[in-house]
Amino acid sequence: MAVNLPSSSLLLPLISLFLIFITITGQHFTIPESTIEEIQQAFAENNLTSTQLVDFYINQIKTLNPLLHSIIEVNPDARDQAKNADEEKRENQGRRNLGDLHGIPVLLKDTIGTRDKLNTSAGSYALVGSVVARDANVVEKLRKAGAVIMGKASLSEWYKFRSLSRVPNGWCARAGQGVNPYLATGDPCGSSSGSAISVAANMVAVSLGSETHSSIICPSDHNSVVGLKPTVGLTSRAGVIPVAPSLDTIGPVARTVSDAVRVLDVIVGFDPRDYEATQRAAKFIPAGGYKQFLNPNGLKGKRLGIVRNPFLKSLNESIFPIFEHHLNTLRERGAAVVDNLEIANISTISGHLLIS
Ligand SMILES: *[C@@H]1O[C@H](CO)[C@@H](O)[C@H](O)[C@H]1NC(C)=O
Ligand SMILES: *[C@@H]1O[C@H](CO)[C@@H](O)[C@H](O)[C@H]1NC(C)=O
Ligand SMILES: *[C@@H]1O[C@H](CO)[C@@H](O)[C@H](O)[C@H]1NC(C)=O
Ligand SMILES: *[C@@H]1O[C@H](CO)[C@@H](O)[C@H](O)[C@H]1NC(C)=O
């Protein structure tokens, strides 16, 4: 039987309509997938307010969170904070640089303490209603930078220490099972699952996660976003529910490297409440921050080792062409890709992989 295609006389106008649509939307600012830099430009050109941005995300959360379960609480004060940021911008009239995060909504993993209407509960009912002594240091820094605290992200409850083997990644009692927006049947990984899912699904601009052992990088990888694990002590852990002070670190989860770096610049630094670690690390923070090192040609001349064994063995072969495509992109951007790198006794190392 012949397949019924629209006649070419109908198809061509349809295609050109589609192209016109692409051209028009391509010129104008749209919120989904926009970077902090683009949002700040839209603020500066009076094409967008922080309040409009927060309203967009609240609407997005209402639509998607019942499916993705990545947010536990929305901050009842988010809209007021956005209005304040807009007011401050109007009064400032571009005289002073208000900074990259001014008016930008940031979501926090539910282990990062906030002294406000939000609970800090590690995803568990056990801590609901408890009141923390003060904001975590990273939250203090975000507020000072004019960021909007959007709410609390879900996670693997208690950093997955409720049960390492029998509770799935991304599950917590308060939000349910977090869902990978790209592959609903796939693993969102954890424990900063909600931070990664929410950013991937455009439910917020950027978020904070925390890592003890791959808890930022693994969910970022699985949900196709950028996770940055700062060296221990670069960011203060004060006011964040701990796992192991020798390993814990707080870092950004974002859609682009440049967004992640803009968040990093705001949250790093010495904090007397996390004295030893932050004092040791603070002297390595470059003057002027990390943003100056962003370089679109940064891959040129870099050597990247690809360890296929054992990491690719467990994967469905249908994704291999996609993997090869990404390796080619890295090559095209100037990286020297050293493929099939073997690490001696890798099974000894990978046998001890746990997520927390
Ligand atoms: C902002 O609005 C102006 C006028 O409507 C338009 O020309 C410009 O392209 C817009 N900028 C962005 C980033 O959308
Ligand atoms: C925090 O928990 C309390 C219950 O003790 C609840 O009434 C309140 O709505 C929660 N806060 C938010 C922002 O959901
Ligand atoms: C591999 O992926 C394909 C396409 O998504 C799917 O049909 C197939 O069932 C998967 N195989 C396994 C073993 O999961
Ligand atoms: C690998 O393991 C073997 C046997 O335990 C050991 O003799 C060898 O030194 C190890 N190699 C490396 C590079 O650690």
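First listed ligand is number 1; within each ligand, the first listed atom is number 1. Just so it is clear, the values below take in all heavy atoms, side chains as well, and ignore hydrogens, waters and symmetry mates.
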Inset, instruction - Mark yes or no for whether Ser191, through its side chain, and Ser215, through its backbone, hold a donor-acceptor pair below 3.5 Å. - result: no
Legend entry - Non-neighbouring partners of Asp116 that pass salt bridge (charged side-chain N to carboxylate O under 4.0 Å, His left out), sequence neighbours left out: Arg143
Legend entry - Sorted by chain and number, the residues that approach ligand 4 to under 4.0 Å with a heavy atom: Ala344, Asn345
Inset, instruction - Specify side chain, backbone, both or neither for Glu73, according to which of its non-hydrogen atoms lie closer than 4.0 Å to ligand 2. - result: side chain
Check ligand 2 against [X] and write out every atom of the ligand that is under 4.0 Å from a heavy-atom position of the residue.
X      : value
Val128 : 2 (O), 4 (C), 5 (O)
Lys117 : 11 (N), 12 (C), 13 (C)
Gly129 : 5 (O)

Inset, instruction - Carefully, step by step, assess Arg237 and Asp274 under the rule salt bridge (charged side-chain N to carboxylate O under 4.0 Å, His left out). - result: CA-CA 6 Å; Arg237 289 83 50 85; Asp274 188 4; 2.5 Å; yes
Only pairs under 3.5 Å count here: list side-chain donor-acceptor contacts from residues 222-229, not counting sequence neighbours, and write none if there are none.
{"from": "His222", "atom 1": "ND1", "to": "Cys218", "atom 2": "O", "distance (Å)": "3.2"}
{"from": "Asn223", "atom 1": "ND2", "to": "Pro188", "atom 2": "O", "distance (Å)": "3.0"}
{"from": "Asn223", "atom 1": "ND2", "to": "Pro219", "atom 2": "O", "distance (Å)": "2.9"}

Inset, instruction - Report the residues that fulfil side chain to side chain contact (heavy atoms under 4.5 Å, CB included) with Leu341, sequence neighbours left out, ordered by chain and then residue number. - result: Val307, Val338
Inset, instruction - Using the salt bridge (charged side-chain N to carboxylate O under 4.0 Å, His left out) rule, take Asp271 and Lys141 through it: C-alpha gap first, then chi angles, then the decisive distance, then the call. - result: CA-CA 11 Å; Asp271 174 17; Lys141 288 184 158 92; 5.9 Å; no
Legend entry - Pair Lys291 + Asp100: basic N to acidic O under 4.0 Å: yes
Legend entry - Presence of salt bridge, Glu73 and Arg174, under 4.0 angstrom: yes
